[in-house]
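Any value given below was found using the heavy atoms of this structure, including those in side chains, with hydrogens, waters and symmetry copies removed.
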Amino acid sequence: LEPIQDQIEVLKTPIPKYAGQVRCIIKRYNSGWGGSIYPKYELVLADTMRLLMTGKRRSGNWTGNYLITVDHENLTTKSKGYIGKLRSNFWGSIYNLYD
């Protein structure tokens with residue numbers, strides 16, 4: 001497998017109980033035109049600050065709809081690092097992940 005595909009498989013695999021807790025931080029960036037409306041998010045490990053995945057709110061949707069990828073430079077559905085999309089219901093109380 002390619003390194004990006006390896007990253008995706010690791011992120012989709014549940015952590016074994018014996019491994020304990022994995023502490024992560026979610027960073028939000030509001031840069032660029034429409035940044036506060038369509039922010040970019042990064043999930044990083046708390047101890048090493050290693051970047052795990054990136055998400056960006058997608059435009060043109062009434063509900064929350066986020067693109068999730070491990071390719072931090074190319075935030076499109078066509079990138080090799082595309083994991084899936086996270087979508088919420090109208091109230092933002094239920095989220096589903098689609099790959």
Side-chain angles (χ1 to χ4, degrees):
L1 290 176
E2 296 179 20
I4 288 181
Q5 295 303 319
D6 289 342
Q7 274 185 297
I8 292 171
E9 289 305 314
V10 167
L11 290 171
K12 287 184 174 182
T13 305
I15 305 276
K17 286 187 178 185
Y18 65 82
Q21 291 183 344
V22 177
R23 301 189 99 174
C24 295
I25 298 170
I26 298 175
K27 295 181 177 183
R28 179 182 168 145
Y29 296 97
N30 295 334
S31 62
W33 183 85
S36 61
I37 299 171
Y38 306 111
K40 177 181 171 182
Y41 297 91
E42 291 181 348
L43 181 70
V44 297
L45 289 174
D47 55 349
T48 62
M49 299 305 283
R50 179 173 181 237
L51 189 57
L52 297 176
M53 65 177 132
T54 303
K56 179 144 179 77
R57 184 164 183 170
R58 299 173 71 185
S59 61
N61 295 293
W62 285 93
T63 60
N65 190 332
Y66 299 86
L67 175 128
I68 300 174
T69 181
V70 295
D71 186 355
H72 313 294
E73 303 297 322
N74 187 5
L75 297 175
T76 65
T77 57
K78 305 293 183 205
S79 73
K80 289 183 180 181
Y82 177 73
I83 295 175
K85 70 178 177 180
L86 182 68
R87 195 163 181 195
S88 75
N89 65 352
F90 179 75
W91 295 278
S93 59
I94 299 173
Y95 287 84
N96 293 311
L97 181 64
Y98 301 95
D99 58 352

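- L75 and Y41 fall into different hydrophobic clusters, where Ile, Leu, Val, Met, Phe, Trp and Tyr residues are linked whenever their side-chain heavy atoms come under 4.5 Å apart, directly or through other members.
- Annotation: the span from K85 atom NZ to Y98 atom OH amounts to 7.0 Å, rounded to 0.5 Å.
- Linking Ile, Leu, Val, Met, Phe, Trp and Tyr whenever their side-chain heavy atoms come within less than 4.5 Å puts V70 and I15 in one cluster.
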Run the numbers on E42 and Y29 for side chain to side chain contact (heavy atoms under 4.5 Å, CB included), then give the verdict. CA-CA 8 Å; E42 291 181 348; Y29 296 97; 3.4 Å; yes
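- The closest side-chain donor-acceptor pair between T69 and D71, if any, does not fall under 3.5 angstrom.
- Within the 4.5 Å cutoff, side-chain heavy atoms of R28 are placed close to those of N30.
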Is there a side chain to side chain contact (heavy atoms under 4.5 Å, CB included) between T77 and L67? Walk through the geometry before answering. CA-CA 7 Å; T77 57; L67 175 128; 3.6 Å; yes
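- Here the closest heavy-atom approach between residue K80 and residue I8 is recorded as O-CD1, 3.8 Å.
- In this structure, the side chains of L51 and L43 stay at 4.5 Å or more apart for every pair of heavy atoms.
- Within 6.0 Å of atom CZ in R87, 12 or fewer heavy atoms from other residues, nucleotides or ligands are found, so the atom counts as exposed in its surroundings.
- Criterion: ILVMFWY side-chain heavy atoms under 4.5 Å apart, direct or through other members. Under it, I4 and L45 are part of a common hydrophobic cluster.
- R50 is not listed as a side-chain neighbour of V44, based on a closest heavy-atom distance of 4.5 Å or more.
- Side-chain atoms of K56 never come within 3.5 Å of backbone atoms of I68 as a donor-acceptor pair (strictly under, hydrogens ignored).
- Hydrophobic clustering of Ile, Leu, Val, Met, Phe, Trp and Tyr side chains at less than 4.5 Å, counting indirect connections, keeps Y82 apart from M53.
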Start with the C-alpha gap between C24 and L52, add the side-chain angles, then the distance that decides, and say whether side chain to side chain contact (heavy atoms under 4.5 Å, CB included) holds. CA-CA 9 Å; C24 295; L52 297 176; 4.1 Å; yes
Passes side chain to side chain contact (heavy atoms under 4.5 Å, CB included), T54 versus K40? Steps please. CA-CA 7 Å; T54 303; K40 177 181 171 182; 3.5 Å; yes
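- Within 6.0 Å of atom CG in D99, 12 or fewer heavy atoms from other residues, nucleotides or ligands are found, so the atom counts as exposed in its surroundings.
- Residue L86 is grouped with residue L11 when hydrophobic side chains (ILVMFWY) are merged at heavy-atom distances under 4.5 angstrom, including chains of intermediate members.
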